[in-house]
Amino acid sequence: MKPSERISAAISTARDGMAIVAFLTAGFPKRDRFVEDLTAIGNEADVVEIGVPFTDPMADGMTIQRSSREALSQGVSLRWLLATLKDMQRPKAPLVLMSYLNPLLAFGYRELARASAESGVCGFIVPDLPFDESADFRAALADHGIALIQMVTPVTRPERLATLCAATQGFVYAVTMTGTTGRTAAVPGDVTHYLDSVRAVSKAPVCAGFGIRGREQVEQLEGHVAGVIVGSALVEVLESGQDAAAFLRALRPD
(Lines give C-alpha, C1' and ligand atoms only; values in the text may rest on other atoms or scores of the structure.)
Protein backbone atom coordinates (compact mmCIF):
# COMPACT_ATOMS: atom_id res chain seq x y z
CA MET A 1 0.00 0.00 0.00
CA LYS A 2 1.35 3.42 -0.91
CA PRO A 3 1.83 5.92 1.92
CA SER A 4 -0.95 8.09 0.45
CA GLU A 5 -3.30 5.09 0.45
CA ARG A 6 -2.54 4.43 4.13
CA ILE A 7 -4.08 7.81 4.95
CA SER A 8 -7.35 7.25 3.10
CA ALA A 9 -7.59 3.68 4.38
CA ALA A 10 -7.15 4.82 7.99
CA ILE A 11 -9.90 7.40 7.59
CA SER A 12 -12.28 5.11 5.75
CA THR A 13 -11.95 2.33 8.34
CA ALA A 14 -12.00 4.52 11.45
CA ARG A 15 -13.79 3.06 14.43
CA ASP A 16 -17.21 4.58 15.09
CA GLY A 17 -17.26 5.67 11.44
CA MET A 18 -15.75 9.08 12.21
CA ALA A 19 -12.00 9.56 11.87
CA ILE A 20 -10.02 11.81 14.18
CA VAL A 21 -7.10 13.63 12.55
CA ALA A 22 -5.07 15.00 15.46
CA PHE A 23 -2.70 17.96 15.10
CA LEU A 24 0.33 18.72 17.22
CA THR A 25 3.21 21.10 16.65
CA ALA A 26 6.56 19.33 16.40
CA GLY A 27 8.53 19.81 19.60
CA PHE A 28 5.80 21.58 21.54
CA PRO A 29 5.43 22.01 24.45
CA LYS A 30 8.84 20.39 25.07
CA ARG A 31 11.19 19.05 22.45
CA ASP A 32 12.40 16.24 24.68
CA ARG A 33 8.90 14.85 25.15
CA PHE A 34 7.80 15.03 21.51
CA VAL A 35 8.28 11.31 20.92
CA GLU A 36 6.19 10.52 24.00
CA ASP A 37 3.42 12.93 22.96
CA LEU A 38 3.38 11.72 19.36
CA THR A 39 3.23 8.09 20.46
CA ALA A 40 0.28 8.69 22.79
CA ILE A 41 -1.63 10.72 20.20
CA GLY A 42 -0.75 8.42 17.30
CA ASN A 43 -2.05 5.38 19.12
CA GLU A 44 -5.43 7.05 19.72
CA ALA A 45 -6.03 9.14 16.58
CA ASP A 46 -6.65 7.70 13.12
CA VAL A 47 -4.22 10.11 11.41
CA VAL A 48 -1.68 12.49 12.96
CA GLU A 49 -0.90 15.88 11.43
CA ILE A 50 2.43 17.27 12.63
CA GLY A 51 2.99 20.98 12.27
CA VAL A 52 6.45 22.10 11.18
CA PRO A 53 7.26 25.23 13.22
CA PHE A 54 7.44 28.38 11.11
CA THR A 55 8.04 32.04 11.84
CA ASP A 56 4.90 33.29 10.06
CA PRO A 57 2.14 30.67 10.23
CA MET A 58 -0.43 32.81 8.45
CA ALA A 59 -3.34 30.35 8.47
CA ASP A 60 -3.05 29.63 12.18
CA GLY A 61 -4.59 31.37 15.15
CA MET A 62 -2.86 32.47 18.32
CA THR A 63 -2.59 29.03 19.94
CA ILE A 64 -0.68 27.42 17.09
CA GLN A 65 1.33 30.58 16.46
CA ARG A 66 2.41 30.44 20.10
CA SER A 67 3.30 26.75 19.87
CA SER A 68 5.30 27.33 16.71
CA ARG A 69 7.26 30.18 18.27
CA GLU A 70 8.06 28.11 21.37
CA ALA A 71 9.16 25.10 19.32
CA LEU A 72 11.46 27.28 17.22
CA SER A 73 13.01 28.68 20.40
CA GLN A 74 13.93 25.10 21.36
CA GLY A 75 15.70 24.50 18.06
CA VAL A 76 12.99 22.44 16.37
CA SER A 77 13.31 22.33 12.59
CA LEU A 78 12.12 20.24 9.66
CA ARG A 79 15.44 18.35 9.60
CA TRP A 80 15.22 17.65 13.32
CA LEU A 81 11.66 16.40 12.91
CA LEU A 82 12.47 14.03 10.06
CA ALA A 83 15.51 12.66 11.90
CA THR A 84 13.42 12.13 15.04
CA LEU A 85 10.69 10.31 13.11
CA LYS A 86 13.25 8.13 11.36
CA ASP A 87 14.84 7.03 14.62
CA MET A 88 11.71 6.44 16.70
CA GLN A 89 9.20 3.60 16.75
CA ARG A 90 6.37 5.31 14.95
CA PRO A 91 2.74 4.99 16.07
CA LYS A 92 0.12 3.07 14.15
CA ALA A 93 -1.56 6.20 12.73
CA PRO A 94 -0.30 7.50 9.37
CA LEU A 95 1.73 10.70 9.74
CA VAL A 96 1.10 13.86 7.73
CA LEU A 97 3.30 16.95 7.89
CA MET A 98 1.72 20.40 7.75
CA SER A 99 4.27 22.96 6.62
CA TYR A 100 4.40 26.34 5.00
CA LEU A 101 6.32 26.46 1.75
CA ASN A 102 9.59 28.19 2.70
CA PRO A 103 11.03 25.32 4.82
CA LEU A 104 10.22 22.89 2.01
CA LEU A 105 11.95 25.01 -0.61
CA ALA A 106 14.99 25.42 1.63
CA PHE A 107 15.19 21.64 2.10
CA GLY A 108 14.77 20.89 -1.60
CA TYR A 109 11.80 18.96 -2.97
CA ARG A 110 13.64 15.83 -4.10
CA GLU A 111 15.73 15.48 -0.96
CA LEU A 112 12.67 16.21 1.18
CA ALA A 113 10.57 13.55 -0.53
CA ARG A 114 13.32 10.97 -0.06
CA ALA A 115 13.90 11.89 3.60
CA SER A 116 10.16 11.91 4.27
CA ALA A 117 9.73 8.44 2.83
CA GLU A 118 12.59 7.17 5.02
CA SER A 119 10.91 8.79 8.05
CA GLY A 120 7.51 7.22 7.46
CA VAL A 121 5.73 10.40 6.36
CA CYS A 122 2.61 9.59 4.33
CA GLY A 123 1.51 13.05 3.22
CA PHE A 124 1.91 16.82 3.25
CA ILE A 125 -0.44 19.76 3.74
CA VAL A 126 0.97 23.09 2.50
CA PRO A 127 -1.51 25.94 3.10
CA ASP A 128 0.42 28.56 1.11
CA LEU A 129 1.18 26.42 -1.95
CA PRO A 130 -1.49 27.03 -4.64
CA PHE A 131 -2.43 23.97 -6.62
CA ASP A 132 -1.41 25.68 -9.88
CA GLU A 133 2.15 26.11 -8.55
CA SER A 134 2.47 22.66 -6.94
CA ALA A 135 3.46 20.48 -9.91
CA ASP A 136 7.15 20.17 -8.95
CA PHE A 137 6.41 19.24 -5.35
CA ARG A 138 3.66 16.83 -6.34
CA ALA A 139 6.01 15.11 -8.77
CA ALA A 140 8.73 14.73 -6.14
CA LEU A 141 6.26 13.26 -3.64
CA ALA A 142 4.68 11.00 -6.25
CA ASP A 143 8.02 9.22 -6.77
CA HIS A 144 7.64 7.91 -3.20
CA GLY A 145 3.84 7.51 -3.11
CA ILE A 146 3.45 10.42 -0.66
CA ALA A 147 0.22 12.43 -0.70
CA LEU A 148 -0.17 16.16 -1.29
CA ILE A 149 -3.45 16.93 0.45
CA GLN A 150 -5.54 19.77 -0.97
CA MET A 151 -7.51 22.29 1.07
CA VAL A 152 -10.91 23.71 0.10
CA THR A 153 -12.99 26.41 1.77
CA PRO A 154 -16.61 27.61 1.80
CA VAL A 155 -15.72 30.19 -0.86
CA THR A 156 -14.01 27.78 -3.26
CA ARG A 157 -15.74 28.05 -6.64
CA PRO A 158 -17.45 24.87 -7.92
CA GLU A 159 -15.07 24.40 -10.85
CA ARG A 160 -12.06 24.92 -8.59
CA LEU A 161 -13.55 22.55 -6.02
CA ALA A 162 -13.80 19.83 -8.64
CA THR A 163 -10.15 20.37 -9.66
CA LEU A 164 -8.87 20.22 -6.09
CA CYS A 165 -10.93 17.18 -5.16
CA ALA A 166 -9.70 15.34 -8.24
CA ALA A 167 -6.07 16.18 -7.44
CA THR A 168 -5.98 15.48 -3.72
CA GLN A 169 -4.59 12.32 -2.18
CA GLY A 170 -5.27 10.85 1.25
CA PHE A 171 -8.22 13.12 1.98
CA VAL A 172 -9.71 16.52 1.23
CA TYR A 173 -9.09 19.09 3.97
CA ALA A 174 -12.38 21.00 4.10
CA VAL A 175 -11.88 24.25 6.01
CA THR A 176 -15.14 25.03 7.82
CA MET A 177 -14.76 28.82 7.94
CA THR A 178 -12.87 31.74 6.52
CA GLY A 179 -10.06 33.13 8.69
CA THR A 180 -7.53 31.38 10.90
CA THR A 181 -7.54 28.29 13.08
CA GLY A 182 -8.49 28.15 16.72
CA ARG A 183 -11.83 29.92 16.91
CA THR A 184 -14.78 27.94 18.20
CA ALA A 185 -17.12 27.25 15.32
CA ALA A 186 -20.76 26.34 15.58
CA VAL A 187 -21.97 24.03 12.83
CA PRO A 188 -24.79 25.92 11.10
CA GLY A 189 -26.73 24.47 8.21
CA ASP A 190 -24.73 26.28 5.56
CA VAL A 191 -21.56 24.57 6.78
CA THR A 192 -23.08 21.11 6.51
CA HIS A 193 -24.48 21.95 3.07
CA TYR A 194 -21.00 23.07 1.99
CA LEU A 195 -19.44 19.86 3.35
CA ASP A 196 -22.07 17.80 1.55
CA SER A 197 -21.16 19.58 -1.69
CA VAL A 198 -17.48 18.73 -1.19
CA ARG A 199 -18.28 15.12 -0.45
CA ALA A 200 -20.47 14.92 -3.56
CA VAL A 201 -17.57 15.69 -5.90
CA SER A 202 -14.70 14.00 -4.05
CA LYS A 203 -13.62 10.39 -4.43
CA ALA A 204 -11.25 10.85 -1.49
CA PRO A 205 -12.54 11.02 2.11
CA VAL A 206 -13.46 14.52 3.29
CA CYS A 207 -12.30 15.77 6.70
CA ALA A 208 -13.47 19.02 8.29
CA GLY A 209 -11.06 21.29 10.12
CA PHE A 210 -10.75 24.72 11.80
CA GLY A 211 -12.65 25.30 15.02
CA ILE A 212 -13.36 21.69 16.03
CA ARG A 213 -13.10 21.62 19.81
CA GLY A 214 -15.59 19.15 21.26
CA ARG A 215 -17.79 16.10 20.85
CA GLU A 216 -20.92 18.15 20.16
CA GLN A 217 -19.40 19.53 16.97
CA VAL A 218 -18.14 16.10 15.96
CA GLU A 219 -21.62 14.66 16.38
CA GLN A 220 -23.12 17.51 14.32
CA LEU A 221 -20.75 16.66 11.49
CA GLU A 222 -21.54 12.94 11.45
CA GLY A 223 -22.88 11.89 8.08
CA HIS A 224 -21.43 14.97 6.38
CA VAL A 225 -17.71 14.12 6.53
CA ALA A 226 -15.52 11.08 7.04
CA GLY A 227 -13.52 12.72 9.79
CA VAL A 228 -12.60 15.85 11.71
CA ILE A 229 -9.27 17.61 12.22
CA VAL A 230 -8.59 18.76 15.77
CA GLY A 231 -5.77 21.27 16.13
CA SER A 232 -5.78 24.23 18.49
CA ALA A 233 -7.86 22.46 21.13
CA LEU A 234 -5.39 19.56 21.27
CA VAL A 235 -2.40 21.91 21.35
CA GLU A 236 -3.99 23.60 24.38
CA VAL A 237 -4.42 20.21 26.06
CA LEU A 238 -0.73 19.47 25.56
CA GLU A 239 0.24 22.95 26.72
CA SER A 240 -1.68 22.53 29.98
CA GLY A 241 -0.22 19.08 30.67
CA GLN A 242 -3.52 17.22 30.37
CA ASP A 243 -3.98 13.73 28.94
CA ALA A 244 -4.05 14.13 25.15
CA ALA A 245 -5.20 10.57 24.45
CA ALA A 246 -8.11 10.91 26.88
CA PHE A 247 -9.12 14.18 25.21
CA LEU A 248 -9.18 12.49 21.80
CA ARG A 249 -11.20 9.54 23.13
CA ALA A 250 -13.77 11.96 24.51
CA LEU A 251 -14.31 13.43 21.04
CA ARG A 252 -15.58 10.22 19.55
CA PRO A 253 -19.35 9.87 19.24
CA ASP A 254 -21.03 7.40 21.61
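The shown structure was predicted, so the numbers you read here are calculated from the model rather than taken from an experiment. FYI, side chains are in, hydrogens and waters are out, and symmetry mates aren't considered; it's all heavy atoms of this structure. Along the sequence shown, residues are numbered consecutively beginning with 1.
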State, with a plain yes or no, whether a side-chain heavy atom of Cys165 is found less than 4.5 Å away from one of Leu161. yes
Would you indicate whether the side-chain heavy atoms of Leu97 and Glu49 approach each other to under 4.5 Å? no
pair Leu234-Phe23: side-chain heavy atoms closer than 4.5 Å: no
Roughly how far, to the nearest 0.5 Å, is the NZ atom of Lys86 from the CG atom of Leu81? 13.5 Å
Given salt bridge (Lys or Arg N to Asp or Glu O under 4.0 Å), test Glu111 with Arg79 step by step and report yes or no. CA-CA 11 Å; Glu111 182 187 356; Arg79 287 189 184 276; 3.2 Å; yes
Sub-4.5 Å side-chain heavy-atom contact between Gln150 and Val126: no
Is there a side-chain contact between Ile64 and Ser232, using heavy atoms and a 4.5 Å cut-off? yes
Return yes if a side-chain donor-acceptor contact under 3.5 Å exists between Thr25 and Ser67, otherwise no. yes
Paired with Val121, the side-chain contact (heavy atoms from CB on, under 4.5 Å) test is passed by just one of Val96, Leu82, Leu141, namely Leu82
So OH of Tyr100 and CZ of Phe54: to nearest 0.5 Å the spacing works out to 8.5 Å
Within this structure, what is the CD1-CD1 distance for the pair Ile229 and Ile20, rounded to the nearest 0.5 Å? 10.5 Å
Would you compute the distance between atom CE of Met151 and atom CG of Asp128 and round it to the nearest 0.5 angstrom? 10.5 Å
Donor-acceptor contact present, side-chain Tyr194 to main-chain Val155, <3.5 Å: no
Verify salt bridge (Lys or Arg N to Asp or Glu O under 4.0 Å) between Asp143 and Arg110, making sure each step is shown before the conclusion. CA-CA 9 Å; Asp143 287 343; Arg110 294 292 174 184; 2.4 Å; yes
Has the side chain of Arg6 got a donor or acceptor atom that lies under 3.5 Å from a matching backbone atom of Cys122? no
Under 4.5 Å between any side-chain heavy atoms of Met98 and Phe124, yes or no? no
For the pair Ser73 (side chain) and Glu70 (backbone), establish whether a donor and an acceptor sit closer than 3.5 Å, ignoring hydrogens and angles. yes
Charged N-O contact under 4.0 Å between Glu236 and Arg66: no
Taking atom types as modelled, find out whether Arg160 and Thr156 have a side-chain donor-acceptor pair closer than 3.5 angstrom. no
Ion pair Arg252/Glu44, N-O distance below 4.0 Å: yes
If you measure from the Lys or Arg side-chain nitrogens to the Asp or Glu carboxylate oxygens, is any gap between Lys92 and Asp46 under 4.0 Å? no
Side chain Thr176, main chain Gly209, donor-acceptor under 3.5 Å: yes
Please lay out, stage by stage, how Lys30 and Glu239 fare under the test salt bridge (Lys or Arg N to Asp or Glu O under 4.0 Å). CA-CA 9 Å; Lys30 295 296 182 183; Glu239 188 174 27; over 6 Å; no
So if you build clusters from Ile, Leu, Val, Met, Phe, Trp, Tyr with side-chain heavy-atom gaps below 4.5 Å, do Leu72 and Leu104 land together? no
